[in-house]
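Read through the structure below, which is laid out as structure tokens, and then see the notes.
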Amino acid sequence: GGVHVWRNALPVVEQSLRVYEAHVGMSSEGEPNINTYDNFRLNILPRIHNLGYNAIQLMAIQEHAYYASFGYHVTNYFAVASRSGEPEALKRLIDDAHGLGISVFLDCVHAHSAKNVLDGINMFDGAPGCFHYEGPEGYHSDWDSRVFNYGAWEVLRFLLSNLAFFVKEYRFDGFRFDGITSMLYKHHGIAHAFVAGYDEYFGLHTDMDASVYLMLANDLLHELRPGCVSIAEDVSGMPTLCRPIREGGFGFDYRLAMGIPDLMIKLLTEIPESDWSVEMIVGCLCDRRHGEKVIAYAESHDQALVGDKTIAFRLMDAEMYTGMTNLEWPSPAITRGIALHKTLRLLVMSLGGEGYLNFMGNEFGHPEWIDFPREGNGWSYHYSRRQWSLPDMDHLRYQHLNNFDKAMQHLEKEFPWLREGVHEYIVTKNEHDKIIVLEKGPLVFIFNLHTHVSHEFYRIGVTFSGTYRICLDSEWGDFGGSDQYDHSRLFRTGTTGWEGRAHSMEVYSNARSVLVLTRTGAPPVGSARARLEAKRCYGDDDGHEFIF
């Protein structure tokens, strides 16, 4: 109780973003209810910190009358969701996160508002054009909501003040702008695939008022909170979205790589695993503009909702309820599911962008969908929860997925690769062997997507000579793997060049696995010695601007 007194300084937002997306209300376990900010702070925040994430993206913070809207039908922009507690409790949560060095981002809904009149801002002065466009353009047909009139001065003041309010009053460190595609185009992106060329981005259908608002918003945020992170949820691929305003860009720091979850769904539902193309997978993961940073994620929060399926559910389906015990030999579906859940997520994290995002519970393969209370389920809160006890039970295999996710985050913390300028080279895309080999910073990733073929002596090319050690293997026992190889095993390069690299070595690679190696004695990432080494390797003055 009482007015919160801030204890911790604002964290320095790290160059490498490892974002944990969370919904406070549905983060409880046990008695079905709506979780509180204080309970989240005391029980969930330590879990996130232990996993190794350095940022939390909080959903459903702006007040919304309809709980099942996932927080996307906002009714009061200057109030925090009262279901989870008082405003001071949210401040305590953010303050404690800052004390752990964790940045906190707000999932900001400025693309539309709830159409509620009595408890929302719709027709706030009695007229339909108070905050929104009048006529049909003021209504979003797909979302059943109102569209802001971004060309009106008072609307700009309202929305910009809203951002300033959350920066100053609650000390948020960043903002994820929801539904940017709907803002950028007068057609809201409805029935548009954005595959016909640049004419789809620029023309009379582009909403210039909304575009200017986004530029103003980014300019304001970066002035008010130096180091503030702004993230755009845009599926269209609007050019210059993540370029500075001084260059004519929109000023966002990151965009979400929204095509990657679609790729994962396509792989798991449309293409037989034996027909997966490593060329297609790598091409999709690398499909982004140079100089515009993206945050990669393997699955979206929407997939966790009733009616859809998470990656874990698509892989293992109903067997998750009966086959996740360590007390019995795993079925082929469980063995395959656990292996691919680990391998695909690290593939996305290693190659998909300059940041990584995970939705709450997906790190350990949460076995049920989210079903918010609604008329169709008798207004039950039973499935609006997260079962945190599952990865804590030693006899269940959920611990293996949780352990692997923790290892991924701490690996990136030790060898930062989620940033611009890091050395990146895709050495191998072997369709026959289903092998992907890539260098990222000082690390070498070897992915084997074959359904059944493993290799004991598989030659791979590398840039730097030396001795390499294992720093992560998805087959380790802690991750539910076969644990058949010595963890301390070393690999030494020879003078034989291979696939365009000056050096090579032989490694082992199990089917449906990933092995990560690092060179012993490699200089720290970003150090002067690392840049000198890069210069010698590439024979130029700037080492291709790579940070090793």
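Sequence positions, counted from 1, serve as the residue numbers for this chain.
Pairs of residues two or more places apart, or lying in two chains, that qualify as salt bridge (Lys or Arg N to Asp or Glu O under 4.0 Å) and include a residue from residues 338-350 are E299-R345. Sequence neighbours left out, the pairs with a member in residues 236-252 that pass side chain to side chain donor-acceptor pair (under 3.5 Å) are Y185-S236, D234-S236, R243-E247. Counting only residues at least two apart or on different chains, the ring-ring contact (aromatic ring centres under 6.0 Å, His included) pairs with a member in residues 235-263 are F177-F252.
In this view, H450 and H452 satisfy the ring-ring contact (aromatic ring centres under 6.0 Å, His included) rule, not counting sequence neighbours. Partners of E363 under the salt bridge (Lys or Arg N to Asp or Glu O under 4.0 Å) rule, at least two apart in sequence or in another chain, do not exist in this structure. When the salt bridge (Lys or Arg N to Asp or Glu O under 4.0 Å) test is applied to D317, the partners found at least two apart in sequence or on another chain are K309. Judged as a salt bridge (Lys or Arg N to Asp or Glu O under 4.0 Å), and not counting sequence neighbours, E200 has no contacts. H366 is linked by a ring-ring contact (aromatic ring centres under 6.0 Å, His included) to F364, counting only residues two or more places apart in sequence or in another chain. Partners of D287 by salt bridge (Lys or Arg N to Asp or Glu O under 4.0 Å), not counting sequence neighbours: none found. Every side chain to side chain contact (heavy atoms under 4.5 Å, CB included) that L490 has, sequence neighbours left out, goes to T467, R469, R492. The ring-ring contact (aromatic ring centres under 6.0 Å, His included) check on H400 picks up nothing, with sequence neighbours excluded. Every residue two or more places apart in sequence or in another chain was checked for a ring-ring contact (aromatic ring centres under 6.0 Å, His included) with F175, and none qualifies.
Taking 4.5 Å as the limit, some side-chain heavy atom of R176 sits within range of a side-chain heavy atom of E233.
Using the six-membered ring where Trp is involved, H205 and H187 have ring planes that are parallel, under 30° apart on the 30 and 60° scheme. Aromatic ring pairs are classed by plane angle as parallel below 30°, tilted from 30° to 60° and perpendicular above 60°; the pair Y201 and F194 is parallel. Using cut-offs of 30° and 60° for the angle between ring planes, the H140 and H112 rings count as tilted.
For H503 and F464, the distance between ring centers is not under 6.0 angstrom. Ring-centre distance between Y356 and Y297: not below the 6.0 Å cut-off.
When the shell of 6.0 Å around CH2 of W417 is examined, it contains more than 12 heavy atoms from other residues, nucleotides or ligands. Within a 6.0 Å radius of CH2 in W369, other residues, nucleotides and ligands contribute 12 heavy atoms or fewer.
In this structure, K434 contributes its side chain and W276 its backbone to a donor-acceptor pair below 3.5 Å.
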